[in-house]
Amino acid sequence: MERLLVLAAPDRPTLGAVRHLPGLQAAEAAGQLWLRGLPATGELPLPVRALPAVQAYELDAQGRLFAAGQRTPTALLPNLTWQPLAEFVPLEIPTAALPAQVAPRYQVRLVPSGRAQAGAALLTTLAAWQAYAEAAPESRLRPLRFAASAEGQVLVLGTPLPPLASQEYWQQGNLLLPAGFDFEAALLGPLLAQQLNAEADALLLFSPDGSWERVPLAHLVPATRSAVRLTVASFE
Amino acid sequence: MLLTSFLQDLLATGSITVSGQPVPFETADLEATEKLLREYYAEDRLDLPHAAPAFEAAAALWAVQYLYYTAVLAVVRELDEAAIARHLPEFEGEVTPAASYSADLSLRYLPDLLQLAKGLAPADTLVVRLRHTARQWPLSFVGHEPADDATEATLLAHPALRGAYVDRIIGAQDRQRASQPHLAPLVQAALGAYSAQLWPDFHTFTLLA
């Protein structure tokens, strides 16, 4: 004889308490939940006994159902589709009572600075850079390096800088900050350099609004007149 | 292809090999050398300020042969004055900006040979000949012999060559030239406000001049 329990369909969540017990199977029919796979003899496990069962049966080999302690069958086991309890009562990820808090990204802010810093770089247009390089003394080009962007902007580094109308930058490690600006906190410079450019293989070019872009060091080339002319030719 | 190989080695490695005795060059060799010089010119002109003068094949070919034979004559010391005059002729054309720059493609290497010749036999015929040439082609001899006034004036009249000449004076820190009244303002203009950085003692000797 095999023991079975019958529960009301709305009590399905209570089966979660016995979900961990091995061998249990369940099925649903006509608003009732059927549970089988219980030990044939002996006391049922405590979680099983705690289920809100509406009926307990013993099942014989012919599929006849006997009410507990009765010798006369009261029904036949209906044709059911049995499922392992782990499938019948699948797990659901609980919803947290409070939504998780996402740490806000820190917005880098630059503030006007009263500290005068020597210019180390400038950002100009390719046309202005070409016009300068066409006639500049070689001694003024030699200390410089430059990189051009696809948008036709040119970053020129070195000293002395060429006398061009441009945005000038001062250098703090591998960070280039617009002239007249500094970080709102002095410690931000080394921290940002570590966080944003751990490999130290690029310059970080900051705008006054705090946004920045990477300029890989490998993209900087010596400022020879031929390099400038060939760069201009590559844009034509 | 003696001359072509000579020029190729010079441009590629900076070292040269010359045969034991000066020999005339074959026409095909000269044609191949001219082609190589034209390619060299097209590349070199990109580093010249402003617009470079045109390529003048006659001057370029004369200069590369002059350089080759100077190397031979610096090594084969038993060649006499007649051999030097025969193999190191004057340039027969006019020394225009185009000729100056085209010849400079090879003559710029001549100062090193001049130093070598001075070391071997001070004031001998070859050295005298080279010093004369140096005065005629000042663009190629910055840092060495003083320039002939007329040829230097031609040079200074051309924006590209004037710029290159001043660049070389600064590069070689040629005090003798930089202190000349007609050159000092050009050098000063090129250095701008950064003379102390780019040529630290520039003001010292220009003020004393």
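Every chain is numbered from 1 and lettered A, B, ... according to where its sequence line falls, protein lines coming before strand lines.
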### Query
More than 12 non-hydrogen atoms from neighbouring residues, nucleotides or ligands closer than 6.0 Å to CZ on A:R214, yes or no?
yes
### Contact class of A:L141 relative to chain B, heavy atoms under 4.5 angstrom
neither
### Query
Taking only residues two or more places apart in sequence, or in another chain, which ones meet B:I16 in a side chain to side chain contact (heavy atoms under 4.5 Å, CB included)?
B:F6, B:L10, B:A71
### Task
Looking only at non-hydrogen atoms, find the nearest pair between B:P49 and A:A135 and report the distance.
CB-CA, 4.4 Å
Put together the list of donor-acceptor pairs under 3.5 Å connecting chain A with chain B, please.
from, atom 1, to, atom 2, distance (Å)
A:E134, O, B:H50, N, 2.8
A:E138, N, B:D167, OD1, 2.8
A:E138, N, B:D167, OD2, 3.2
A:R225, NE, B:D47, O, 3.1
A:R225, NH2, B:D167, OD2, 3.4
A:S226, N, B:L46, O, 3.3
A:S226, N, B:D47, OD1, 3.0
A:S226, OG, B:D47, OD1, 3.0
A:S226, OG, B:D47, OD2, 3.4
A:R229, NH1, B:R45, O, 3.2
A:R229, NH1, B:L46, O, 2.7
A:R229, NH1, B:L48, O, 2.8
A:R229, NH2, B:L48, O, 3.0
A:R229, NH2, B:H50, O, 2.8

